[in-house]
Amino acid sequence: MNINRDRYLNQLINRKHNGLIKIVSGMRRCGKSYLLSELFKGHLKKNEVSAKQIISIDLEDFAQRHLRNPETCYDFVKSKIKDKKQHYLLIDEVQLMENFADVLNGFLHIKNLDVYVTGSNSKFLSTDVVSEFRGRGDEVRVYPLTFAEYYSAVKGDWQDAWNEYSTFGGLPYTLSLKSDEDKAKYLKNLFKETYVRDIVERNKVRNDSELEELLNIVASNIGALTNPKKLSDTFKSVKNISLTPPTVKQFIDYFQDSFLINQAVRYDIKGKKYIGSPLKYYFSDIGLRNAILNFRQQEETHIMENIVFNELLSRGYQIDVGIVEFLEKKSTCYVKKHTEVDFVVNNFNQRYYIQVASSIPTQEKKEQEERSLLKINDAFRKIVIVKDNIKTRIDDNGIITIGLKDFLLNGDILD
């Protein structure tokens, strides 16, 4: 099945021959290998690059395991460059190679070699991009399929596609599975046998059952404000097991390093400052989140909020949780209160304030959703995204209401 991933392909094309190591990062099974080995390689071939000029290495392939040795890999690549023509090196899952940063930096000294790698662990990649690569790494972050990418492949009825996507998520392999049972089984096995095992083995975690239980608790509370202390207390009350806040924080870091979850920090809109704790966590793929919970907790609003968050991330926005403080009159005095904006969305000098609601059936519900937006005294766009299939409209207060379908299928709709 062909899946359109032009957003990432164009990023790679635009970075060709820039003298940097192109690093394609993202969670396991989100489509990094397909992007590099199929789409980008296909682009090269269409532009008259011969097979001899493309050096492909898959470090997860048992047959190429010897190339995990950095010196062996370096010698292998050098042996493939027999002339002065431009060559392209594509390495899949580069974090499996020891001292890979040194080897990749060494490849930059080969003038007719353009280097592209994939990796699935942010601690192996993002940290090294800043430090060991010393400005010589250029990262392209890949996410699971957006709804638009998913819908371009499956087509058909919008509502049916949304029901599937909001249940099983956007990991590409799920599109090849026919039954709901097969999709559920795949996601459960992927969570248990790939993600959890990978985290446990890489970080030498001894209490892996507690790590799984914590991930279950995080999955049950997507979009809820929390912090390590709250999660520790929840763990003790629900599981009757003590897990200290520092250990919780360490496990959360492991989840983020594996790209399983992303965080959104609170931002004081009027005070123009960040508030460190509590914050919110969202899953990079809603299907994995649902699989962790055995597809039990299907709260539509929270799932929709998570999907909107992921969509905004994939479009390149920076996302925070907004806090608006205001004074409310109580009899003879004013009391300081605050209200929340689901997302404060930033892109360079542009900003959007976004609320997410499953529906707004009454005037009371409309006022409830718009209350926090109306407390913000600036000229940036204030938006409510609703699941109802409606045409975009703007009310007398300047609040824009957008239907979920239009938001997901039109990448420019915020503008």
Side-chain angles (χ1 to χ4, degrees), residues 1-9 24-42 58 60-62 92-93 118 120 142-199 212 215-216 219-220 222 255 258-262 282-300 302-304 306-311 313-314 404-405 408-409:
M1 181 180 292
N2 293 322
I3 301 173
N4 183 344
R5 310 224 75 182
D6 285 349
R7 178 180 298 162
Y8 305 116
L9 178 59
V24 182
S25 66
M27 66 189 303
R28 285 186 177 275
R29 306 297 182 261
C30 73
K32 302 183 304 295
S33 300
Y34 178 78
L35 171 66
L36 197 59
S37 302
E38 296 293 331
L39 299 180
F40 185 66
K41 185 185 285 188
D58 181 0
E60 278 196 317
D61 187 346
F62 183 78
D92 203 12
E93 298 297 352
T118 76
S120 301
V142 177
Y143 297 90
L145 300 177
T146 64
F147 180 80
E149 291 171 327
Y150 176 90
Y151 193 52
S152 71
V154 301
K155 299 181 172 53
D157 180 73
W158 140 261
Q159 187 62 53
D160 289 343
W162 166 256
N163 292 340
E164 287 279 318
Y165 184 81
S166 61
T167 301
F168 300 111
L171 293 181
Y173 186 70
T174 60
L175 273 70
S176 67
L177 301 174
K178 300 300 181 184
S179 70
D180 290 353
E181 291 76 12
D182 287 343
K183 293 176 182 180
K185 182 179 179 181
Y186 166 71
L187 290 169
K188 289 177 186 178
N189 288 341
L190 187 63
F191 160 66
K192 185 81 173 179
E193 300 301 326
T194 299
Y195 286 101
V196 172
R197 179 176 293 181
D198 187 45
I199 292 171
E212 281 193 57
L215 195 54
N216 192 299
S220 297
I222 53 171
F255 302 153
S258 296
F259 299 116
L260 264 178
I261 63 174
N262 294 292
Y282 296 96
F283 274 75
S284 296
D285 181 72
I286 200 67
L288 271 180
R289 178 264 179 189
N290 293 338
I292 290 168
L293 298 174
N294 200 26
F295 299 93
R296 290 190 301 271
Q297 298 182 28
Q298 298 294 98
E299 316 92 333
E300 184 176 55
H302 291 159
I303 287 175
M304 178 178 159
N306 198 140
I307 290 173
V308 169
F309 178 87
N310 289 343
E311 178 65 34
L313 268 187
S314 73
L404 179 65
K405 179 180 178 180
L408 293 175
L409 296 180

List the steps and the verdict of side chain to side chain contact (heavy atoms under 4.5 Å, CB included) for Leu215 and Phe191.
CA-CA 11 Å; Leu215 195 54; Phe191 160 66; 3.2 Å; yes
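- At distances below 3.5 Å, not a single donor-acceptor pair connects side-chain atoms of Arg289 with backbone N or O atoms of Phe283.
- Note that the OG1 atom of Thr146 and the CG atom of Leu313 stand 12.5 Å from one another [nearest 0.5 Å].
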List the steps, then state whether side-chain hydrogen bond (donor to acceptor under 3.5 Å, both in side chains) holds for Glu93 with Ser120.
CA-CA 7 Å; Glu93 298 297 352; Ser120 301; 3.0 Å; yes
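- Lys192 places no side-chain N or O within 3.5 Å of a backbone atom of Arg197 that could act as its donor or acceptor partner.
- For the residue pair Ser33 / Asp92, a side-chain donor-acceptor distance below 3.5 Å is found, with atom types taken as modelled.
- Residues Phe259 and Val142 have side chains not in contact (no heavy-atom distance under 4.5 Å, counting atoms from C-beta outward).
- Ion pair Lys188/Glu193 not flagged as a salt bridge, since none of the NZ, NE, NH1 or NH2 atoms sits closer than 4.0 Å to an Asp/Glu carboxylate oxygen.
- Between Ala184 and Phe168 the shortest heavy-atom distance is N-CE2, 4.0 Å.
- Closest non-hydrogen pair, Ala291 versus Leu187, comes out as CB-CB, 3.7 Å.
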Under the side chain to side chain contact (heavy atoms under 4.5 Å, CB included) criterion, do Ile261 and Tyr282 qualify, and how do the steps go?
CA-CA 6 Å; Ile261 63 174; Tyr282 296 96; over 6 Å; no
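- For the residue pair Gln159/Asn163, the side-chain donor-acceptor check at 3.5 Å is satisfied.
- The distance from atom OG of Ser220 to atom CD of Glu299, rounded to the nearest 0.5 Å, is 8.0 Å.
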Derivation and outcome, side chain to side chain contact (heavy atoms under 4.5 Å, CB included), residues Trp162 and Leu404:
CA-CA 10 Å; Trp162 166 256; Leu404 179 65; 3.6 Å; yes
Taking it one step at a time, do Glu164 and Tyr150 satisfy side chain to side chain contact (heavy atoms under 4.5 Å, CB included)?
CA-CA 10 Å; Glu164 287 279 318; Tyr150 176 90; 3.2 Å; yes
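- Between the side chains of Asn262 and Ser284, a donor-acceptor pair is found at a separation under 3.5 Å.
- Tyr143 contributes no side-chain N or O that, together with a main-chain N or O of Asp285, makes up a donor-acceptor pair within less than 3.5 Å.
- In this structure, the side chains of Phe40 and Tyr8 stay at 4.5 Å or more apart for every pair of heavy atoms.
- Side-chain contact between Ile3 and Leu145 is present, with heavy atoms from C-beta onward closer than 4.5 Å.
- Looking at every heavy atom in both residues, Arg5 comes nearest to Glu149 through NH2-OE1, 2.9 Å.
- Between Ile286 and Gly169, the closest heavy-atom pair is CG2-CA, 3.8 Å.
- No side-chain donor-acceptor contact under 3.5 Å links Asn4 to the backbone of Ser152.
- Using a distance-only test at 3.5 Å, with no hydrogens or angles considered, no donor-acceptor pair links the side chain of Ser258 to the main chain of Phe255.
- Taking all atoms of both residues into account, the shortest heavy-atom contact from Leu175 to Ala153 is CD2-CB, 3.5 Å.
- Summarising the geometry, atom CG belonging to Asn306 is positioned 4.5 Å from atom CD1 belonging to Ile222; distances are rounded to the nearest 0.5 Å.
- Residues Met27 and Pro144 have side chains in contact (heavy-atom distance under 4.5 Å, counting atoms from C-beta outward).
- Taking all atoms of both residues into account, the shortest heavy-atom contact from Leu171 to Arg28 is CD2-O, 4.3 Å.
- Below 30°, between 30° and 60°, or above 60°: for Tyr165 and Phe147 the angle between ring planes is above 60°, a perpendicular geometry.
- Here the side chain of Ser37 pairs no donor or acceptor atom with the backbone of Tyr34 at under 3.5 angstrom.
- Panel note: side chain Asn290, backbone Thr167; a donor-acceptor pair is recorded below 3.5 Å.
- Atom-to-atom distance recorded for Met304:CE and Leu408:CG is 8.0 Å, nearest 0.5 angstrom.
- Judged by distance alone, the side chain of Arg7 and the main-chain N or O of Ser314 form a donor-acceptor pair under 3.5 Å.
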